[in-house]
Amino acid sequence: MNKFYISFLIIFLLNACIQNNENKSEDLLFIKYQGWWIFGEGLHLFKDETSLNEYFLSFPNEDSTEIIDLYLSIAEMEFYPMEVLMFGNISDDSLIINDFEILYIQGCDEQ
């Protein structure tokens with residue numbers, strides 16, 4: 001089962017890299033936000049590091065079950081924050097994501 005998640009993660013990240021290289025000109029239209037991605041009770045939330053505002057996350061270019069599987073395979077539980085860079089635009093109380101990069105997972109610096 002772990003091999004499945006690792007394979008899924010690798011394929012997902014490679015796909016994101018390929019799309020990133022193909023859409024360099026489009027990426028100029030998106031703003032970079034750094035903060036924490038939190039998933040729980042069926043909701044994806046983002047807390048902006050600079051303003052501390054919270055936004056609902058929307059991934060229009062991704063399958064919702066794949067995003068949930070990705071989050072849970074990395075964080076291994078709900079409500080476990082991941083530090084991320086999100087590239088997208090804010091619309092009302094939502095952050096519409098074009099691309100993202102996971103920087104750090106809380107609790108992974110166990111000693």
Side-chain angles (χ1 to χ4, degrees):
M1 192 68 155
N2 286 336
K3 290 181 182 180
F4 169 76
Y5 288 122
I6 292 171
S7 299
F8 174 77
L9 179 61
I10 291 171
I11 291 170
F12 183 80
L13 292 176
L14 287 175
N15 186 34
C17 289
I18 291 169
Q19 288 179 351
N20 188 28
N21 289 336
E22 291 175 353
N23 299 323
K24 283 287 186 187
S25 62
E26 291 179 16
D27 286 345
L28 299 175
L29 303 173
F30 299 101
I31 300 170
K32 177 174 77 172
Y33 299 91
Q34 187 165 347
W36 299 273
W37 174 12
I38 303 163
F39 171 75
E41 296 183 8
L43 292 175
H44 295 277
L45 299 173
F46 176 76
K47 184 158 189 145
D48 184 51
E49 181 179 76
T50 306
S51 67
L52 298 179
N53 291 335
E54 290 186 1
Y55 302 97
F56 293 104
L57 288 176
S58 174
F59 298 90
N61 300 328
E62 305 296 336
D63 181 88
S64 61
T65 56
E66 288 180 3
I67 289 292
I68 292 169
D69 289 343
L70 172 67
Y71 183 95
L72 293 176
S73 69
I74 295 170
E76 298 180 356
M77 62 174 33
E78 291 186 3
F79 301 109
Y80 214 65
M82 290 191 289
E83 187 175 344
V84 291
L85 285 177
M86 295 289 190
F87 301 91
N89 295 303
I90 293 175
S91 175
D92 296 322
D93 60 351
S94 295
L95 179 54
I96 303 4
I97 302 302
N98 178 55
D99 198 9
F100 63 92
E101 181 180 333
I102 297 170
L103 303 175
Y104 180 76
I105 303 166
Q106 296 291 355
C108 287
D109 60 346
E110 295 177 11
Q111 298 176 13

Residues two or more places apart in sequence or in another chain: which of them pass side chain to side chain contact (heavy atoms under 4.5 Å, CB included) with Leu103?
-> Gln34, Glu83, Leu85, Glu101
What pairs with Leu45 under side chain to side chain contact (heavy atoms under 4.5 Å, CB included), at least two apart in sequence or on another chain?
-> Phe56
Identify, with sequence neighbours excluded, every residue that meets side chain to side chain donor-acceptor pair (under 3.5 Å) alongside Asp63.
-> Thr65
With Asn89, which residues qualify under side chain to side chain donor-acceptor pair (under 3.5 Å), at least two apart?
-> none
When rounded to the nearest 0.5 angstrom, what distance separates CE in Met86 from CG in Asn98?
-> 11.5 Å
Supply the atom-to-atom distance Asp92 CG to Tyr55 OH, rounded to the nearest 0.5 angstrom.
->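 It is 11.0 Å, given to the nearest 0.5 Å.
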Closest non-hydrogen atoms of Leu95 and Gly88, given as atom of the first, atom of the second and distance, are CD1-C, 4.2 Å
Shortest non-hydrogen pair, Met77 vs Tyr71, comes out as O-CE2, 3.6 Å
Mind jotting down which residue pairs meet the salt bridge (Lys or Arg N to Asp or Glu O under 4.0 Å) criterion with at least one end in residues 36-52? Sequence neighbours excluded, please.
->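 Sorted pair list: Lys47-Glu54.
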Phe59: partners by ring-ring contact (aromatic ring centres under 6.0 Å, His included), with sequence neighbours left out =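 In terms of ring-ring contact (aromatic ring centres under 6.0 Å, His included), with neighbours along the sequence ignored, Phe59 is linked to Trp37, His44, Phe100.
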Is there side-chain contact between Leu57 and Phe39, with heavy atoms separated by less than 4.5 Å?
-> no
Joint hydrophobic cluster, Ile96 plus Tyr33, side-chain heavy atoms closer than 4.5 Å =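 No; tracing contacts between hydrophobic side chains, which count when under 4.5 Å, never links both residues.
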